[in-house]
Amino acid sequence: MRTDAAEVLDSAIPVLAKDRGASMQVIATRAGISRATLTRLFPTRQVLVRAMAEKILDDCDRILTEAESPGAAMDAVLGLLIREYQPFAQLWNLVYVEPDATGEPLARSEEIFTRIVSLLVTGQDAGVLRRDMPGVWLASTFCGLAETAWELTLEGHMGARQVPGFLEVVLLNGLGAG
């Protein structure tokens, strides 16, 4: 049985993504733990949702920090974002959808989104991404496609290993500079 908070969050995030009204009992059952274990780790649903949002934002921050490394080639940056798409899908799916439940993380999610926009504008400036679309549109497209792909894997319509190829083809063929 899973008792580590990080493992429980990894299991609970997809549950809440598919069923936003899921009770603590439903989340615990689908995560493969008892309700008592869940409430020991996260005493209320609000605490659980806040912890989920913080984990997602921490994961996005970690990936973006790596992507923002000085001198990183834009192809490598895009490859990293595509390979590590899942926290960005979760950001779009959970953090933006339940801002009242997450409170403080909403401001942090806006900062994360601004960093995604900045990276993609850098890609435009480098001639890798289309220049005729606003950076916000490119970032929204990336996050939206990531969310769609993640949901398709949760529903069994796409294999997890297919997602990076799907994202690369759709993003670069639809957003590529030329």
Side-chain angles (χ1 to χ4, degrees), residues 6 9-10 12-18 20 49-155 157-178:
L9 288 174
D10 284 339
I13 288 170
V15 174
L16 195 59
K18 288 184 77 169
R20 296 199 200 305
V49 171
R50 182 177 294 275
M52 288 175 168
E54 289 296 336
K55 182 193 181 313
I56 292 165
L57 292 166
D58 288 346
D59 289 346
C60 288
D61 182 57
R62 175 186 48 79
I63 295 162
L64 289 170
T65 297
E66 183 178 341
E68 293 163 338
S69 298
M74 186 48 59
D75 289 344
V77 168
L78 291 175
L80 174 65
L81 292 177
I82 288 168
R83 279 189 316 281
E84 299 288 338
Y85 77 94
Q86 195 165 335
F88 302 104
Q90 295 165 346
L91 172 76
W92 208 245
N93 185 294
L94 294 173
V95 178
Y96 284 159
V97 169
E98 289 205 32
D100 293 336
T102 58
E104 175 71 26
L106 183 60
R108 194 166 162 220
S109 68
E110 291 170 356
E111 175 208 332
I112 294 286
F113 186 73
T114 298
R115 290 170 66 193
I116 297 167
V117 171
S118 180
L119 276 174
L120 297 180
V121 166
T122 300
Q124 288 176 308
D125 294 343
V128 176
L129 298 175
R130 297 174 61 145
R131 294 176 192 219
D132 61 335
M133 301 290 176
V136 169
W137 187 91
L138 297 178
S140 296
T141 299
F142 166 68
C143 290
L145 285 171
E147 178 194 13
T148 299
W150 184 55
E151 286 182 357
L152 288 171
T153 64
L154 293 177
E155 295 169 4
H157 300 295
M158 180 183 285
R161 286 185 275 171
Q162 292 175 291
V163 173
F166 165 80
L167 290 174
E168 182 177 356
V169 166
V170 174
L171 282 174
L172 296 182
N173 287 341
L175 305 176

Self-check item: Heavy-atom closest contact (Val163 atom, Ala149 atom, distance)
Solution: CG1-CB, 3.6 Å
Quiz prompt | Minimum heavy-atom distance Ala67-Leu119, with the two atoms named | solution = CB-CD1, 3.7 Å
Quiz prompt | Residue pair Leu91 / Cys60: nearest heavy atoms and the distance that separates them | solution = CB-SG, 4.2 Å
Exercise. Calculate, to the nearest 0.5 Å, the distance between atoms CZ and CD belonging to Phe88 and Gln90 respectively.
Key: 10.5 Å
Self-check item: Atom pair CG/CD1 of Leu16 and Ile13 - distance to nearest 0.5 Å
Solution: 9.0 Å
Exercise. Show your working on side chain to side chain contact (heavy atoms under 4.5 Å, CB included) between Asp59 and Glu54 and close with a plain yes or no.
Key: CA-CA 9 Å; Asp59 289 346; Glu54 289 296 336; over 6 Å; no
Quiz prompt | Leu167 vs Arg83 side-chain heavy atoms within contact, under 4.5 Å | solution = no
Quiz item: Partners of Glu151 by side chain to side chain donor-acceptor pair (under 3.5 Å), sequence neighbours excluded?
Solution: Asn93
Quiz prompt | Interatomic spacing from CD in Glu111 to OG1 in Thr114 - rounded to 0.5 Å | solution = 7.5 Å
Quiz item: Hey, does Leu152 have a side-chain heavy atom less than 4.5 Å from the side chain of Glu147?
Solution: no
Quiz item: Measuring from Leu145:CG to Leu171:CG, what's the distance to the nearest 0.5 Å?
Solution: 5.5 Å
Quiz item: Nearest 0.5 Å, what's the CD-CH2 distance between Gln86 and Trp150?
Solution: 6.5 Å
Exercise. With sequence neighbours left out, write down each residue that passes side chain to side chain contact (heavy atoms under 4.5 Å, CB included) with Ala146, or none if nothing qualifies.
Key: Tyr85, Ala89
For residues 68-82, please give each side-chain donor-acceptor pair under 3.5 Å, one per line with the distance, not counting sequence neighbours.
from	atom 1	to	atom 2	distance (Å)
Glu68	OE1	Arg115	NE	3.4
Glu68	OE1	Arg115	NH2	2.8
Glu68	OE2	Arg115	NE	3.0
Ser69	OG	Glu66	O	2.7

Cut-off 3.5 Å, no hydrogens considered: what does the side-chain donor-acceptor table look like for residues 121-129, sequence neighbours left out?
from	atom 1	to	atom 2	distance (Å)
Thr122	OG1	Ser118	O	3.0
Gln124	NE2	Arg130	O	2.7
Gln124	NE2	Met133	O	2.6

Quiz prompt | From CD1 (Ile63) to CD (Glu84), nearest 0.5 Å | solution = 4.5 Å
Quiz prompt | For Ala139, side chain to side chain contact (heavy atoms under 4.5 Å, CB included) partners two or more places apart | solution = Phe113, Ile116, Val117, Leu120
Practice problem: Any side-chain hydrogen bond (donor to acceptor under 3.5 Å, both in side chains) involving residues 157-167? Give me the pairs, sequence neighbours left out, ordered by first then second residue. | Solution: none
